[in-house]
> 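The structure under discussion is supplied below as structure tokens; questions concerning it will follow.
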Amino acid sequence: MPVSTAAVPPGADAASVSRVRPSASARDLLGFLRGRTTSLVGLAVFAAILLAAVFAPVIAPHDPLEQNLGDNFKPPAWEEGGGATYPLGTDALGRDILSRLIYGARYSLLISIASVALGGALGFLVGLLAGYFGRWTDTALMRLGDIQLAFPFVLFAIAVLAVSPERTPAHLIAVLGLSSWVIYARVVRSRVLSEREKDYAWAARALGASRRRVLFRYIVPNVWQSVPLIGMLNLGFFVIVESLLSFLALGLSPPTPSWGATLADGRQFMMVTPWMALFPGIAIVVTVLSISLVADGFADYVDPKLAHGNLRRVPLPTTASKDGAAPDDAPLLRVRELTTAFPVRSATVHAVKRASFDVRRREVLGVVGESGSGKSTLGLSIIQLLDAPGRVVEGEILFQGRDLARAGNKEMAAIRGAKIGMIFQDPGASLNPVLTVGHQLGETLRTHRRLAPAQSHATARGALAAVGIADPDRVLKAYPFQLSGGMQQRVMIALAMASEPDLLILDEPTSALDVTTQAQLLEELESLRERFGTTIIFITHDIALLADFADTVMVMYAGKVCEIGPISRVMGAPEHPYTEALLNAVERTHGTGRGRLAAIPGDPPDPTRLPPGCPFAPRCPRAMPVCFEDDPPLVTVGPGHQAACHMLPRAPGVAPRTDRRAQALEGTR
């Protein structure tokens with residue numbers, strides 16, 4: 001099953017999951033619940049109660065309204081005087097308690113489910129209209145909801161039902177359903193307000209789609225997921241409310257059986273027959289608990305982050321320690337066999353697979369590849385900021401002699417910002433919109449450098465001036481939304497460099513900027529590197545951008561490192577077909593103008609269903625049969641230059657597979 005775009009969290013390429021929309025397949029949901037024991041038990045219990053309610057005329061041993069005063073107050077079968085005729089005993093009128101409980105479930109669930117359906121449908125429609133059309137429509141509908149919320153829900157139900165001469169299931173459904181639409185409407189409205197301003201909605205309008213089509217074809221599929229979850233939680237609440245109303249003699253008119261009425265009858269005879277109140281209480285508790293367990297599992301199904309903990313990070317178990325003071329000539333960062341995985345429903349996506357590389361002090365490492373290659377996930381793995389359920393599952397990340405993959409959460413919090421900084425792709429989303437630039441810079445300086453307020457202000461001003469901002473005093477007082485994209489990115493660089501980190505990770509920092517601003521930012525980054533001696537990892541999809549900036553370039557594809565080496569060798573004499581294809585797709589200012597850029601055929605592979613062999617083989621013009629069978633390892637092809645391709649000779653000391661290689665070459669002739 002292909003991974004939808006909704007399953008990709010920000011900054012993790014196409015490899016991890018941010019929010020996964022629930023599949024329409026009940027089989028898919030059941031398969032998910034099988035892995036959650038508590039939710040599966042809750043589903044089984046609720047299904048049993050529901051089946052008992054549906055087939056009450058077949059299952060119930062007696063008519064729930066049949067009275068037999070000669071058998072009143074019969075104890076349960078396991079008590080002295082009880083028998084199999086009345087397994088749970090009888091009430092004051094000799095009616096079978098078990099039969100009344102079974103029929104009570106029928107009425108209670110009918111009323112609760114129908115009320116949820118009515119309130120959910122009405123609230124969903126109101127939320128859509130209020131959120132999408134706004135203005136007076138939004139004002140009128142939401143003020144109506146405010147008026148209803150001003151009157152307590154239970155008191156409203158009591159006030160209406162108390163004056164009703166007869167109370168049928170339809171009356172209770174109308175009262176409960178019409179009283180509950182507000183919560184659905186508010187949640188859906190907030191989601192619609194967010195979705196209607198997103199690019200895909202504007203693009204649909206630009207293509208000529210009507211407002212009605214944009215609403216129901218584009219926005220509704222992105223906002224409906226919250227309604228079933230709220231409905232499941234409301235279902236348990238309505239079971240309690242219906243029982244409460246019946247307990248207060250405001251539920252179904254007697255002698256219709258209900259759990260609340262049975263509980264009220266039992267309360268009168270607690271000293272004589274305590275089981276009369278105990279059994280309906282147990283039925284209510286078990287039903288509500290089972291619904292809550294199913295709702296909890298469904299919430300994890302809709303949003304996997306809830307199952308794994310959005311901010312929860314689990315370090316790798318400590319092995320034989322390699323921590324300690326690194327020698328002076330050791331790389332600042334040494335990554336070995338780094339593997340990052342994102343468990344999804346259909347498979348486990350390995351966003352980064354066995355990546356190994358070194359970054360020397362003051363060096364600029366460029367990481368390049370198409371979208372979904374694992375570039376951003378690599379940077380987030382280093383700084384240990386992966387979105388759940390992503391995890392570093394294997395390997396080492398040795399930074400200044402300390403393995404970050406096994407460092408504790410407090411230690412990582414101290415390292416981030418102070419020793420390792422990161423700049424993300426969208427500065428507008430990274431900066432806090434309600435705090436001024438000066439406040440955010442000052443907070444960073446006070447946290448990591450322990451500066452006094454006056455000193456932090458002067459240092460913040462200097463940090464902005466260092467990134468080419470001509471009027472730092474104005475920018476310090478400005479909010480992020482008052483600045484242009486290029487200015488916001490300069491502020492982000494100043495924030496990252498304010499604490500003078502040893503390593504700076506830049507994730508597509510120039511992708512949203514024009515070429516002139518890109519060149520200015522690269523010059524400012526180079527100046528900062530020379531001034532502070534900062535080591536930089538520059539993540540980008542534009543390999544040409546690295547030509548005059550990076551010292552080393554690492555090419556990634558489908559989560560793997562396919563080539564790494566000095567920038568001059570990789571760009572001058574690429575050894576991997578994918579690197580060569582990236583270079584052929586780059587515009588050349590010195591060309592004759594008669595040739596055309598060469599697009600890479602095909603698309604990157606589905607990360608949940610990677611083909612065997614080399615992942616680039618289906619798109620490679622020189623693929624051999626062996627390429628579709630074996631995944632080639634990295635081999636040394638020059639000083640500091642490695643590539644992973646079956647066309648390359650093996651590293652010295654490793655016996656080549658002559659027979660396989662000759663067979664593969666023969667097949668290409």
> Count the heavy atoms belonging to other residues, nucleotides or ligands that lie under 6.0 Å from CZ of R217, then report whether that count exceeds 12.
no
> Quick one: CD on Q148 to CG on L144, what's the gap to the nearest 0.5 Å?
7.0 Å
> Evaluate H439 against T436 for side-chain hydrogen bond (donor to acceptor under 3.5 Å, both in side chains), listing each step before the verdict.
CA-CA 5 Å; H439 186 282; T436 63; 5.8 Å; no
> First locate atom CZ of R391, then atom CD of Q384, and finally report the distance between them rounded to the nearest 0.5 Å.
10.0 Å
> Under a 4.5 Å cut-off applied to non-hydrogen side-chain atoms, are M412 and R416 in contact?
yes
> In the structure I gave you, are the side-chain heavy atoms of R95 and P64 within less than 4.5 Å of one another anywhere?
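R95 does not reach P64 side chain to side chain.
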> Working note: W259 + E242, criterion side-chain hydrogen bond (donor to acceptor under 3.5 Å, both in side chains); need CA distance, chi angles, decisive distance, verdict.
CA-CA 9 Å; W259 288 342; E242 188 277 332; over 6 Å; no
> What are the two closest heavy atoms between V188 and G127, and how far apart are they?
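Residues V188 and G127, closest heavy atoms: CG1-C, 3.8 Å.
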> Given Y107 and S258, is the side-chain contact (heavy atoms from CB on, under 4.5 Å) satisfied, shown in steps?
CA-CA 7 Å; Y107 288 108; S258 68; 5.5 Å; no
> Side chains of V286 and F46: does their closest heavy-atom pair fall under 4.5 Å?
no
> Minimum heavy-atom separation for T90 and W275, please, with both atom names.
O-NE1, 4.3 Å
> Could you tell me the separation between the CG atom of L435 and the CG atom of L441, rounded to the nearest 0.5 Å?
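Answer rounded to 0.5 Å: 11.5 Å.
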> Rounded at 0.5 Å granularity, tell me how far CG in L252 sits from CG in L245.
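If I round to the nearest 0.5 Å, the distance is 9.5 Å.
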> So does R143 have more than 12 non-hydrogen atoms from other groups sitting under 6.0 Å from CZ?
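It does: R143 CZ has more than 12 such atoms within range.
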> Assess whether side-chain contact (heavy atoms from CB on, under 4.5 Å) is satisfied between D91 and N72, documenting all intermediate values.
CA-CA 6 Å; D91 62 7; N72 64 333; 6.0 Å; no
> Give the C-alpha distance, both sets of side-chain angles, the deciding distance and a yes or no for side-chain hydrogen bond (donor to acceptor under 3.5 Å, both in side chains) between Y479 and N432.
CA-CA 8 Å; Y479 290 93; N432 193 324; over 6 Å; no
> Do N234 and S180 have side chains that get closer than 4.5 Å, going by heavy atoms?
yes
> Give, for atom CG of L101 and atom CD1 of I282, the distance between the pair rounded to the nearest 0.5 Å.
9.5 Å
> May I ask you to test the V116-F238 pair for a side-chain heavy-atom distance under 4.5 Å?
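With C-beta onward as the side chain, the pair touches.
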> State, yes or no, whether a side-chain contact exists between L50 and I113 at a heavy-atom distance under 4.5 Å.
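Heavy-atom side-chain distance check passes, below 4.5 Å.
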> Looking at every non-hydrogen atom in both residues, tell me the closest pair between L263 and A277 and how far apart they are.
CD1-O, 3.1 Å
> Side chain of Q440, backbone of L495: donor and acceptor closer than 3.5 Å?
no
> side-chain contact (heavy atoms from CB on, under 4.5 Å), that's the test. Do R186 and L149 meet it? Break it down for me.
CA-CA 12 Å; R186 286 185 171 274; L149 287 176; 3.5 Å; yes
> Any idea which heavy atoms bring V227 and G120 closest together, and the distance?
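Shortest heavy-atom separation between V227 and G120 comes out as CG1-O, 4.5 Å.
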> Are the side chain of S99 and the backbone N or O of H62 linked by a donor-acceptor pair below 3.5 Å?
yes
> Just one of T262, L248, V288, I284 clears the side chain to side chain contact (heavy atoms under 4.5 Å, CB included) bar with S243, so which one?
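Between S243 and the candidates, side chain to side chain contact (heavy atoms under 4.5 Å, CB included) is satisfied uniquely by I284.
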> Between E508 (side chain only) and F424 (backbone N and O only), is there a donor and an acceptor less than 3.5 Å apart?
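Checking the backbone N and O of F424 against the side chain of E508, no donor-acceptor pair under 3.5 Å is found.
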> With distance as the sole test, does R196 use its side chain to make a donor-acceptor pair with the main-chain N or O of G131 at under 3.5 Å?
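Flag set: sc R196 to bb G131 pair under 3.5 Å.
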> If I take atom CD1 from residue I59 and atom CZ from residue R106, how far apart are they, to the nearest 0.5 angstrom?
10.0 Å
> Short question: side chain of S108, backbone of G104 - any donor-acceptor pair under 3.5 Å?
no
> Quick one, Q268 with M276, criterion side-chain contact (heavy atoms from CB on, under 4.5 Å). Give me CA distance, side-chain angles, the key distance, then yes/no.
CA-CA 9 Å; Q268 302 178 33; M276 283 182 59; over 6 Å; no
> Do T340 and T377 get their side chains close enough for a donor-acceptor pair, meaning under 3.5 Å?
no
> For R189 and A130, work out which heavy atoms get closest and say how close.
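Residues R189 and A130, closest heavy atoms: CD-CB, 4.2 Å.
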> Are side-chain heavy atoms of M422 and L380 found at a separation under 4.5 Å?
yes
> Looking at V192, V220, D138, which one forms a side chain to side chain contact (heavy atoms under 4.5 Å, CB included) with Y132?
V192
> Just by modelled atom types, is the L176 backbone N or O under 3.5 Å from a matching donor or acceptor in the S179 side chain?
no
> Indicate yes or no for a side-chain donor-acceptor contact from S194 to the backbone of S190 under 3.5 Å, with no hydrogens or angles considered.
no
> If you look at every heavy atom in E195 and I219, which pair is closest and at what distance?
CB-CG2, 4.2 Å
> Using atom types as modelled and distance alone, determine if a side-chain donor or acceptor of R167 lies under 3.5 Å from a backbone N or O of G251.
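At least one qualifying donor-acceptor pair exists.
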> For residues N222 and Y200, is any side-chain donor paired with an opposing acceptor at under 3.5 Å?
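On atom types as modelled, these side chains qualify, holding a pair under 3.5 Å.
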> Side-chain contact test, heavy atoms from C-beta onward, threshold under 4.5 Å: evaluate it for I423 versus D507 and give yes or no.
no
> Is it true that atom CZ of F247 has more than 12 heavy atoms of other residues, nucleotides or ligands lying nearer than 6.0 Å?
yes
